[in-house]
Asks: 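Structure provided below as structure tokens; questions to follow.
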Amino acid sequence: MGDILAFADQQDGEIRGVALEIVSVAASRAAKLGGSAHALILGGDGTGKDASGLGAYGAEMVWVARDESLTHYIPEVYAPVVAEVARSGNYDAILFPATARGKDLAPRVAALLDTSLASDITRLDVEDGTLVAVRPVYGGKAFARIKFQGFPTVMSLRLNAFGVAESPASGKVQIMTPPVKGAGRSRVIEFQASRGGTMDVSEASIVVSGGRGMRGAEHWTLLEALRDALGSDAALGASRAVVDAGWRPHGEQVGQTGKTVAPKLYFAIGISGAIQHLAGMRTAQTIVAVNKDADAPIFGVADYGIIGDAFEVLPRLTEEISDYCSNG
Ligand code: FAD
């Protein structure tokens with residue numbers, strides 16, 4: 001016991017950045033439990049060329065299940081494979097990222113293993129030799145501490161809530177054919193990336209979100225300039241009012257009916273701070289709000305608040321940040 005299995009997601013055969021955080025968490029908690037971290041990659045031909053790289057983040061063993069049937073994510077094909085690999089080890093926990101895919105896959109695997117599940121956790125402690133998870137409830141207004149019965153337990157981890165940590169381990173890679181072949185009831189005909197090159201809001205460590213206070217899609221150039229000044233780890237987000245108005249795509253919506261984010265830094269520009277928006281971002285490490293209404297609820301959760309007109313504040317903020325970044 002004490003071992004932890006991390007689901008290391010890939011896209012087009014390459015390990016996704018989110019996997020590094022999941023493997024890092026698996027490694028640090030497994031070390032406290034007296035076990036080791038293993039990673040599991042599923043994919044089609046050629047997947048896993050970069051698998052040994054997970055050793056740098058603490059994976060002792062990296063299982064790569066390779067098969068044409070695993071080229072695209074199909075839940076009923078992926079879930080039995082993950083469950084079978086989980087059964088073959090002596091794992092205390094199976095960790096997934098709380099991405100759309102991870103949140104879809106984790107409960108399926110838990111059901112196949114007939115074990116407990118904790119979704120979207122933001123903390124994972126080791127107490128008296130067992131894992132204790134913490135997850136936000138009631139839209140982030142309270143936190144539940146969860147102890148588990150039965151092993152292995154299955155969890156999905158909120159991205160950016162834990163961070164990536166290097167801790168060298170052997171990173172031994174074992175390529176295998178999938179131990180079971182799930183019967184797919186669906187077939188992926190085509191895969192279209194939403195927009196080339198831009199980082200997904202749920203994976204970014206810095207998020208620049210705009211609300212109705214930005215007055216129209218044409219003013220997003222101001223937010224894009226701030227995002228660009230903050231570097232390649234920054235992404236754009238939006239409130240639902242903005243998405244409903246058609247100013248931004250739904251993929252950028254943050255909140256109860258959008259994406260949940262936990263970046264290191266979150267900018268809320270012209271966003272009032274409705275409870276449904278807060279549900280998606282209040283676990284961000286640092287929140288900066290810009291709003292011309294001093295009584296806007298967003299200031300209740302903000303670490304830094306600027307009371308002012310976004311159209312005056314944004315160019316100055318972007319300039320300051322650009323200067324700061326270019327001066328190292
Ligand atoms: P508003 O509430 O209109 O706020 C605009 C803000 O901009 C105001 O605070 C104003 O003072 C400020 N402002 C105006 N002009 C300027 C300026 N020039 N400079 C600076 N500040 C300015 N919302 C989400 O965001 N995500 C969700 O996932 C979500 N899910 C929902 C689910 C349900 C079931 C329901 C009922 C609602 C949901 N909502 C969600 C909607 C939510 O209740 C709010 O309506 C929405 O978040 C408001 O968006 P907003 O803050 O952009 O707009």
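Side-chain atoms are counted along with the backbone in the values below, which use heavy atoms only and exclude waters and symmetry mates. Just so you know, ligand 1 is whichever comes first in the structure, and atom 1 is the first atom listed for that ligand.
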Asks: Are Lys32 and Asp125 ion-paired here, with the side-chain N under 4.0 Å from a carboxylate O?
Replies: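 Salt bridge flag = no for Asp125 with Lys32.
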Asks: For atom 1 (P) of ligand 1, what's the nearest protein heavy atom and its distance?
Replies: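 Answer, as residue, atom name and distance: Ser272 OG, 3.7 Å.
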Asks: Would you indicate which of His277, Arg212, Gln253 comes nearest to atom 27 (C) of ligand 1 when only heavy atoms are counted?
Replies: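 Among His277, Arg212, Gln253, the closest heavy atom to atom 27 (C) of ligand 1 comes from Gln253.
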Asks: For the pair Glu68 (side chain) and Asp45 (backbone), establish whether a donor and an acceptor sit closer than 3.5 Å, ignoring hydrogens and angles.
Replies: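 No, the answer is negative, given that no donor and acceptor are paired below the 3.5 Å cut-off.
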Asks: Report the member of Ala294, Ala274, Gly255, Ala245 with the shortest heavy-atom distance to atom 47 (O) of ligand 1.
Replies: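 Nearest option to atom 47 (O) of ligand 1, by heavy atoms: Ala274.
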Asks: Within the structure, is a non-hydrogen atom of Val242 found at a distance of less than 4.0 Å from ligand 1?
Replies: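 No; Val242 lies far enough from ligand 1 that no heavy-atom distance drops under 4.0 Å.
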Asks: Out of all atoms in ligand 1, which are within 4.0 Å of some heavy atom of Ser239? Include the element for each.
Replies: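 In order of numbering, the contacting atoms are 25 (O), 49 (O), 50 (P), 52 (O).
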Asks: With a cut-off of 4.0 Å, which atoms of ligand 1 are near a heavy atom of Gly213?
Replies: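 Within the 4.0 Å cut-off of Gly213, ligand 1 contributes 5 (C), 7 (O), 13 (N), 14 (C), 15 (N), 16 (C), 17 (C), 18 (N), 22 (C).
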Asks: Would you mind checking which non-hydrogen protein atom is closest to atom 5 (C) of ligand 1, with the distance to 0.1 Å?
Replies: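 So the nearest neighbour among protein heavy atoms is Gly270 O, 3.5 Å.
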Asks: For atom 29 (C) of ligand 1, what's the nearest protein heavy-atom neighbour? Residue, atom name and distance, please.
Replies: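 Of the protein heavy atoms, Thr257 OG1, 3.4 Å lies nearest.
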Asks: Once you restrict to heavy atoms under 4.0 Å, what part of Ile298 touches ligand 1? Side chain, backbone, both or neither.
Replies: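 Ile298 to ligand 1: no contact under 4.0 Å from either part.
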Asks: If you group Ile, Leu, Val, Met, Phe, Trp and Tyr by side-chain heavy-atom gaps below 4.5 Å, do Met61 and Tyr57 land in one group?
Replies: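 Different hydrophobic clusters.
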Asks: Within a distance under 4.0 Å of any heavy atom of Gly258, pick out the atoms of ligand 1 and give their elements.
Replies: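 Counting from 1, the qualifying ligand atoms are 28 (O).
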Asks: Give a yes or no on whether Glu84 atom CD has more than 12 heavy-atom contacts from other residues, nucleotides or ligands under 6.0 Å away.
Replies: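 Yes, CD of Glu84 has more than 12 neighbouring heavy atoms, counting only those of other groups under 6.0 Å.
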Asks: Which of the atoms in ligand 1, numbered in the order shown and given with their element, are less than 4.0 Å from a heavy-atom of Ala310?
Replies: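 In order of numbering, the contacting atoms are 17 (C), 18 (N), 19 (N), 20 (C).
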Asks: Near Gly211, which atoms of ligand 1 are under 4.0 Å from a heavy atom of that residue?
Replies: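 Heavy-atom distances to Gly211 below 4.0 Å select 52 (O).
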Asks: Determine, using heavy atoms of Gly308 and all atoms of ligand 1, whether some pair is separated by less than 4.0 Å.
Replies: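 Right, Gly308 reaches ligand 1.
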Asks: Is atom 19 (N) of ligand 1 in close reach of the protein, with a heavy atom under 4.0 Å away?
Replies: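 Within 4.0 Å: yes, protein heavy atom nearby.
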Asks: Where do Leu5 and Val85 land on the side chain to side chain contact (heavy atoms under 4.5 Å, CB included) test, with the steps shown first?
Replies: CA-CA 9 Å; Leu5 181 66; Val85 174; 4.2 Å; yes
Asks: Do Lys292 and Asp309 sit within salt-bridge range, that is, some charged N less than 4.0 Å from a carboxylate O?
Replies: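 Answer for the salt bridge query: no.
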Asks: Ion pair present between Asp233 and Lys264, side-chain N to carboxylate O less than 4.0 angstrom?
Replies: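 Salt bridge between Asp233 and Lys264, a charged N being under 4.0 Å from a carboxylate O: no.
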Asks: Verify the distance criterion only: is there a donor paired with an acceptor across the side chains of Thr153 and Ser116 at less than 3.5 Å?
Replies: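 Indeed, the side chains of Thr153 and Ser116 share at least one donor-acceptor pair under 3.5 Å.
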Asks: Is there a donor-acceptor pair under 3.5 Å between the side chain of Asp50 and the backbone N or O of Ile15?
Replies: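 Flag set: sc Asp50 to bb Ile15 pair under 3.5 Å.
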Asks: Please state which protein non-hydrogen atom is closest to atom 48 (C) of ligand 1 and give its distance, to 0.1 Å?
Replies: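 Scanning the protein heavy atoms, the shortest distance from atom 48 (C) of ligand 1 goes to Ala241 CB, 4.0 Å.
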Asks: When you measure from atom 37 (C) of ligand 1 to each heavy atom in Glu312, Gln276, Lys292, Arg215, which option holds the nearest one?
Replies: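 That would be Gln276.
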Asks: Tell me the nearest of Asp309, Asp293, Asn291 to atom 9 (O) of ligand 1, using heavy-atom distances.
Replies: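 The option holding the nearest heavy atom is Asn291.
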Asks: Suppose the criterion is salt bridge (charged side-chain N to carboxylate O under 4.0 Å, His left out): which pairs have a residue in residues 98-118, not counting sequence neighbours?
Replies: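 Only Asp9-Arg101, Asp104-Arg108 qualify under salt bridge (charged side-chain N to carboxylate O under 4.0 Å, His left out).
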Asks: Where the closest heavy atom to atom 34 (C) of ligand 1 is concerned, which of Gln256, Met214, His250 has it?
Replies: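 That would be Gln256.
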Asks: Show which residues join Val134 in its hydrophobic cluster (side-chain heavy-atom contacts under 4.5 Å, direct or indirect), or state none.
Replies: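 Members other than Val134 - counting any ILVMFWY side chain reachable under 4.5 Å - are Phe143.
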Asks: Run the numbers for me: atoms of ligand 1, each under 4.0 Å from some heavy atom of Phe311, listed by number.
Replies: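 Answer, ordered by atom number: 18 (N).
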Asks: So, Glu21 side chain and Gly163 main chain: donor-acceptor pair closer than 3.5 Å or not?
Replies: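 Yes.
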Asks: In this structure, is the centre-to-centre distance between the rings of Tyr78 and Tyr73 below 6.0 Å?
Replies: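 Ring centroids of Tyr73 and Tyr78 are less than 6.0 Å from each other.
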Asks: Provide, to 0.1 Å, the distance between atom 26 (N) of ligand 1 and the closest protein heavy atom, together with that atom's residue and name.
Replies: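 Ranking protein heavy atoms by distance from atom 26 (N) of ligand 1, first comes Val254 O, 2.8 Å.
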Asks: Note the single closest protein heavy atom to atom 23 (N) of ligand 1, along with its residue, its atom name and the distance in Å.
Replies: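 Checked against all protein heavy atoms, atom 23 (N) of ligand 1 sits closest to Arg240 CB, 3.2 Å.
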